[in-house]
Each structure stands twice: as structure tokens, then as C-alpha cells.
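The block underneath contains the structure these notes are about, expressed in C-alpha cells.
Naming convention: chains lettered A, B, ... in sequence-line order (proteins, then strands); numbering from 1 in each chain.
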Number of protein chains: 2
Amino acid sequence: MDQLLALKYFCKVAETGSFTSAATAFSVPPSSISRRIADLESSLGTHLLTRSTRVVKLTEIGIAYLEQVQEILVQLELSNESVRSYQSRPMGQLKISSMVSFGERILFPLLDQFSALYPDITLDISLSDELSSLANDDIDVAIRGGYAPDERIHAIKLMPNEFIPVASPAYLATMGTPEDGFELRNHHGLFFRTPRGPSPWLLEIDDQWHDVSGQPVVISNNANWLMKQGLEGKGIMMAPRWSVEAYLMSGELVELLTDTALSVNQNPGMGIYLLYQKPKYLVPKVKVFIDFLVENLMEKRD
Amino acid sequence: MDQLLALKYFCKVAETGSFTSAATAFSVPPSSISRRIADLESSLGTHLLTRSTRVVKLTEIGIAYLEQVQEILVQLELSNESVRSYQSRPMGQLKISSMVSFGERILFPLLDQFSALYPDITLDISLSDELSSLANDDIDVAIRGGYAPDERIHAIKLMPNEFIPVASPAYLATMGTPEDGFELRNHHGLFFRTPRGPSPWLLEIDDQWHDVSGQPVVISNNANWLMKQGLEGKGIMMAPRWSVEAYLMSGELVELLTDTALSVNQNPGMGIYLLYQKPKYLVPKVKVFIDFLVENLMEKRD
DNA sequence: ATTTCTTTTGTCTAAAAGACAATAATTTGG
DNA sequence: CCAAATTATTGTCTTTTAGACAAAAGAAAT
């Protein structure tokens with residue numbers, strides 16, 4: 001018995017709720033559908049569908065089996081497609097999803113270079129801080145902070161996501177420069193609001209974490225707006241190193257307390273991750289993009 | 001073409017490195033193996049194997065494809081087996097893995113009851129705080145603290161894992177009872193050592209987290225030992241509510257600062273989770289156990 | 001009760017996998 | 001360096017299995 005065929009028929013029948021429409025979808029007579037599904041059921045020793053000439057419904061077990069089988073068929077098709085496209089030149093549309101600020105500051109400058117290398121790849125970039133799932137949306141690669149989410153998703157750590165305290169020279173001139181971590185509590189603070197509330201400032205001493213958050217003057221989930229406030233001297237903020245590197249060079253911002261172990265969470269594994277579905281690494285356009293990013297970002301910083 | 005059959009042949013050839021041995025494994029002539037794999041390769045438009053009459057090796061793409069296909073075949077077989085065993089009575093060996101202290105305090109008392117209900121199920125329980133993976137080890141259900149790890153693993157939150165500060169009456173008599181969260185810093189503390197260092201005592205006020213850890217007198221990763229120290233009046237400890245409930249009832253321990261939002265981490269989603277692979281919910285012995293635990297644990301506490 | 005739509009069953013045909021022998025190719029051993 | 005041995009492929013036939021088509025059976029709607 002060709003189980004794969006039977007499974008495809010079964011899924012179609014479950015979707016459409018009809019043997020006939022499944023049959024037309026596959027351009028075979030309904031009798032074929034009926035026979036294959038009967039075979040499948042007898043091989044499993046269970047009825048997956050209750051057919052009452054007019055209405056086809058899934059049994060309880062059929063529902064559970066369908067869900068699992070659909071997932072498996074999708075995975076297999078993805079693998080097949082990846083292999084089929086393996087030997088072609090890198091080309092076509094490449095859908096990239098990235099965090100907003102990372103995209104603006106790090107990614108865009110690199111993409112010109114990438115486009116020159118692979119002119120046949122059309123880049124489709126969406127910037128968002130929502131973590132859209134790779135599986136459902138048709139995103140080829142995503143760049144996110146945090147950790148690896150799922151086993152089927154492959155995650156490459158591009159760089160650490162080190163948060164450092166920074167402030168503008170103007171602010172420090174009026175409010176003074178903190179010399180000790182605990183002094184931060186007396187300063188003005190600009191906070192990024194995460195889904196779990198504003199990120200605190202945490203100070204680690206001997207495996208002990210102390211909250212040394214300053215007095216909040218601005219709390220926002222918009223990184224650009226926060227950065228603007230910081231540049232205008234409204235207070236101290238914890239910002240990813242990569243996002244403020246240009247300002248540190250130009251002197252518009254100053255890094256504080258470089259000897260102190262400050263962070264915005266207790267997890268040391270935080271980083272910027274490049275995410276993609278494993279089978280897609282076989283697709284040339286995806287492969288060259290991943291290799292390009294790894295080449296250009298990892299060597300610099302890790 | 002029966003792709004599923006071709007894939008099984010392909011995997012066997014890749015494993016054994018030989019068409020003939022794959023053929024004997026399936027009790028078919030080698031020519032069949034050769035033909036099926038040739039079909040598969042032509043349908044994919046790629047060579048998966050390099051055959052030089054004496055040696056069969058995987059191509060680069062063959063390696064990647066093999067890995068994905070093996071995973072898919074395992075999943076499919078798991079689903080099929082689950083469905084096949086669906087209608088049988090709950091029986092056989094049920095492998096359970098649980099955190100040590102949860103197993104001792106909560107699980108064991110319930111299992112007598114469970115065994116009486118399903119005498120044909122042989123329980124095989126291993127207690128460990130290591131998080132062994134459900135996929136590789138043949139564990140049917142696992143109970144762990146933390147969050148859901150993977151998409152293919154189904155996680156049911158059995159109860160919140162609420163940590164509360166407790167101390168023995170003897171300790172409180174000599175050291176006094178803290179009336180305010182910040183007073184904890186002046187008390188003796190018993191700390192559980194996680195892989196990321198001792199769990200701090202955190203106090204939440206207006207979305208701000210403050211570390212109010214006491215002076216460490218004992219740090220250990222052994223929950224039973226810590227509990228013993230607590231009962232002997234060595235200091236205050238943050239312990240999961242379920243682990244100290246009996247002592248609170250008997251008066252051997254006293255809950256402190258019940259009005260204060262204390263925790264050992266900043267994540268509100270922490271809980272005790274029941275974990276299992278989705279297809280296994282169709283296996284009767286697994287299904288009745290999961291239903292039993294949900295019935296007996298969730299209604300009490302959630 | 002009859003019509004209509006849908007699944008199943010029976011029978012034949014077509015396609016695809018298996019069996020077996022023969023061939024080609026490459027490594028091993030003398 | 002050549003012959004023997006092992007292994008994958010190819011050719012041909014047989015068997016199995018899926019598809020096609022007509023007819024039958026069953027359930028709902030008019």
C-alpha cells in the first residue's frame with residue numbers, strides 16, 4: 001500500500017468533508033479515494049472517518065491523526081522542495097524579518113553589499129518587533145533577540161545582545177557621572193517596556209542580583225523614541241551595544257560603569273539570533289544569505 | 001511512485017552503506033532497492049548517493065535530506081503506532097519522569113490510587129532534576145518546572161510553581177518575624193542553587209524588582225537537605241508552596257509576608273508542567289495517566 | 001415516496017514494484 | 001598485474017496494486 005498517497009487522500013477528504021470533491025481535486029474517481037482510505041483504516045485497525053452517505057466526519061482518533069499527519073506531510077514537502085531547488089543558482093524572492101532597530105542600524109548597510117553579490121535575489125524585508133512564527137508566515141529567515149524557540153528552527157547566535165548603560169554628556173554634566181552601580185538608583189532612567197513590564201536595571205555581585213533601576217522619566221516600547229530621549233539628555237538608559245556604537249564613537253553618548261556587571265535580565269544566553277527552518281538551508285538563496293550574515297556579523301563580535 | 005517506500009529504502013542504504021544489505025533487511029532483491037532509489041533521485045532531480053560499485057556514500061545534499069527524512073519517518077511511525085494501540089485497554093509499561101521532590105511529595109501518594117484504577121499498567125518512575133528529553137529517552141510523560149520547551153511537545157500546566165518565604169517557629173522566635181519585604185535582607189537565608197547560581201529573593205513593587213536576598217547561611221542544590229535546614233531553624237527559605245504545605249498545616253513551618261509579591265524570578269509563567277509527545281496522547285495508558293493527573297492536580301490548585 | 005447526491009462494490013485495465021538472471025564495474029588477493 | 005569476488009545496474013517476466021468505469025446501495029431533501 002502506498003501509505004503516503006492514502007494519507008494525502010485522507011487529508012483532502014478531511015478538509016473538504018467529501019470523497020467526491022477530494023477525488024476531483026486529485027483527478028481520480030471517487031472509488032480510488034474510498035479504496036485507499038479503506039486500506040489505510042484497515043492497516044491502522046481503526047476507523048478514521050464516519051461516513052453516512054451524505055456526511056463525512058472525522059472520528060475522535062481521526063482528528064488527532066489528521067493533525068499529526070498534516071504536519072508530517074508539510075515537513076516532507078518542504079524537504080522535497082528544498083532538495084529540488086538545491087542545484088539552482090541563488091535567485092528569487094527572499095523574505096527577511098528583523099527587529100526594527102537592528103534592521104535599521106546593522107542590516108540595511110549590509111544589504112547593499114549582498115544585493116551586489118547576488119543581483120538575482122529580490123529582498124523582501126519586514127521590520128517588526130513582533131515575533132512572527134517562521135512556520136506559518138512565509139518568512140525565510142528571521143532575526144530576533146532572545147533564545148532559540150523550537151527544535152525544528154535552527155538558530156545561529158550572530159552576536160551577544162549585551163546591554164550597557166549610556167547617557168549623553170549633557171546629562172552627565174548636570175546630574176553627575178555614577179561611579180558605583182548602586183548610585184544608578186538616584187538617577188533618571190529611560191526604560192524599554194517589554195511585554196512583561198519595563199526592563200529593570202540589574203546589578204550582579206557574587207551571583208546575587210540587585211535591582212538598581214533609576215527613577216523612571218520615560219517608559220516606552222519604541223526604541224527609536226527612547227534613543228532620542230537619551231540623546232537629548234533626559235536620563236540614563238540600558239541599550240544594546242550594537243545600537244549605540246555609532247553614538248559612542250561620535251561622543252553623543254557615553255558608556256557608564258564599564259567595570260560593572262549590569263544587565264536587564266538574569267539570563268546570560270541572550271543574543272541576537274538568526275533563525276530559519278532547517279530544510280530551507282538547502283535552498284540556495286537562503287543558504288547564501290545565512291552564510292553572508294554569519295560571515296559579516298559573527299567574525300566581528302563573537 | 002511509492003515515495004514512502006523509497007524513503008525507507010534510502011534511509012536503510014544510508015545507514016548500512018550498501019544496497020545489498022538494505023535489500024536483505026527488507027527481504028527484496030537488490031534490484032528493487034536500486035530502482036526505487038533511482039526513482040526517488042529522478043523525482044528530486046538530484047543524486048542523493050554516490051555509488052562506486054564497492055562503496056556507497058551520501059552526497060552533501062543527501063546528508064541533509066537523510067536527516068530530515070529520518071525525523072519524518074520516526075514521527076509518522078509514532079503516529080501510526082499510537083493510532084493502532086488506541087482502542088486497546090490501558091495496559092503495559094508507563095515510563096514517568098519527575099522532579100525529585102515533586103515526585104516524593106505529590107506524585108507518590110497519587111500513584112497508589114492510580115494503580116488501583118488501572119492494575120494492568122506497570123509504572124516505571126524515575127526521579128531526576130535533569131531535564132531528559134522526551135524524544136530520545138523513551139519517557140512517556142515527564143513533569144518539570146519551567147515552561148514548554150518545544151512545539152512537538154505538549155505541555156499542560158498542572159499548577160503554578162509559586163515560591164513563598166517560610167521559616168520555622170524556632171527561627172522566628174530568636175530572629176524575629178519580618179514585617180516588610182526589605183527586612184528580609186537582614187535575615188539568614190537558605191538558597192537553592194540553580195545552574196545559574198543561587199535563586200535570589202525578588203520583591204516586586206510597581207513593576208520594579210528589588211533583590212531582597214538574606215544573608216546566605218546554606219546554599220545547596222539538594223531540596224531535601226535545604227528543607228531539613230529550614231525545619232531546624234537555620235533561616236528563611238523560598239520554597240514552592242506544594243513542597244511545604246504539609247509543614248504549614250502541622251505548624252513546623254510558617255509562611256511569611258503573605259501580602260507581599262515575592263518571587264525567585266521575574267517570570268510569571270513559571271509552573272509545574274506535564275509534558276508528553278502529542279501522538280502519545282492516543283495511547284490509552286498515557287491518556288488515562290494524563291487525564292488522571294489533570295483531574296487530581298489541576299482542580300485543586302488552578 | 002421519489003429524486004438526488006454520495007459512498008461503496010464489482011470487474012477490468014494500466015501501472016508499478018518484485019523476482020531472477022545476466023551484465024558491468026571496481027576492489028581484493030594471489 | 002591479472003583473476004576472483006563482490007556489488008550495483010539493466011533486462012525481462014511475473015505479481016501486486018492503484019485507477020477507470022459502471023452499477024448498486026444508502027441516506028437526505030423535496
Side-chain angles (χ1 to χ4, degrees), chain A residues 1-63 65-66 69 73 76-77 80, chain B residues 1-63 65-66 69 73 76-77 80:
Chain A
M1 182 192 66
D2 187 341
Q3 204 197 348
L4 208 58
L5 187 63
L7 292 177
K8 285 175 186 164
Y9 286 179
F10 167 61
C11 287
K12 190 54 99 183
V13 169
E15 284 166 27
T16 61
S18 150
F19 280 61
T20 334
S21 49
T24 54
F26 283 100
S27 312
V28 294
S31 57
S32 290
I33 306 285
S34 176
R35 288 227 162 80
R36 283 327 105 230
I37 289 187
D39 288 351
L40 178 62
E41 287 180 323
S42 89
S43 94
L44 294 174
T46 320
H47 283 284
L48 299 169
L49 300 165
T50 53
R51 25 299 220 186
S52 57
T53 33
R54 205 79 173 197
V55 158
V56 175
K57 274 176 60 185
L58 287 160
T59 61
E60 180 195 347
I61 182 112
I63 293 170
Y65 190 62
L66 173 69
V69 163
L73 290 180
L76 181 59
E77 204 39 52
N80 288 339
Chain B
M1 183 193 62
D2 186 341
Q3 203 197 350
L4 208 58
L5 186 64
L7 293 177
K8 285 175 185 165
Y9 287 178
F10 167 61
C11 287
K12 187 56 95 183
V13 169
E15 284 166 28
T16 61
S18 150
F19 280 62
T20 15
S21 49
T24 55
F26 282 100
S27 311
V28 294
S31 59
S32 291
I33 306 285
S34 176
R35 287 228 162 79
R36 282 328 106 231
I37 289 188
D39 288 351
L40 178 63
E41 287 180 323
S42 89
S43 94
L44 294 173
T46 321
H47 284 283
L48 299 169
L49 301 164
T50 52
R51 10 341 197 167
S52 57
T53 32
R54 203 78 173 197
V55 161
V56 175
K57 273 175 61 184
L58 287 159
T59 61
E60 179 196 347
I61 183 108
I63 292 170
Y65 190 62
L66 173 69
V69 163
L73 291 180
L76 180 59
E77 203 39 53
N80 287 339

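Atoms OH and CG, on Tyr9(B) and Asp39(B) in that order, are 11.5 Å from each other to the nearest 0.5 Å. The line from NZ of Lys12(B) to CD1 of Ile33(B) is 10.0 Å long, rounded to the nearest 0.5 Å. In this structure, Asp2(A) CG and Gln3(B) CD are separated by 9.0 Å, a value rounded to the nearest 0.5 Å.
Between Leu4(B) atom CG and dA17(C) atom P the separation is 12 Å, expressed in whole Å. A straight line from CG of Leu49(B) to P of dT7(D) spans 16 Å, rounded to a whole angstrom.
Distance alone, capped at 3.5 Å, places no donor-acceptor pair between the Thr50(B) side chain and the Thr59(B) backbone. With Ser34(B) contributing its side chain and Pro30(B) its backbone, the two residues share no donor-acceptor pair below 3.5 Å.
Taking 4.0 angstrom as the limit, Arg51(A) places none of its side-chain polar atoms (N or O) nearer than this to OP1 or OP2 of dT6(C). For Ser34(A) and dT7(C), the shortest distance from a side-chain N or O to OP1 or OP2 is not below 4.0 Å.
Between Leu73(A) and Leu4(A) there is a side-chain heavy-atom pair separated by less than 4.5 Å.
For the residue pair Ser18(B) and Thr20(B), a side-chain donor N or O sits within less than 3.5 Å of a side-chain acceptor on the partner.
If you check residues 11-25 of chain A against DNA chain D, you find no residue with a heavy atom closer than 4.0 Å.
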What nitrogen or oxygen pairs link the protein and nucleotides 16-20 of chain D at under 3.5 Å?
{"residue": "dA18(D)", "atom": "OP1", "partner": "Asp2(A)", "partner atom": "N", "Å": "2.9"}
{"residue": "dA18(D)", "atom": "OP2", "partner": "Arg36(A)", "partner atom": "NH1", "Å": "3.0"}
{"residue": "dG19(D)", "atom": "OP1", "partner": "Tyr9(A)", "partner atom": "OH", "Å": "3.0"}
{"residue": "dA20(D)", "atom": "OP2", "partner": "Pro29(A)", "partner atom": "N", "Å": "3.3"}
{"residue": "dA20(D)", "atom": "N6", "partner": "Arg35(A)", "partner atom": "NH1", "Å": "3.3"}

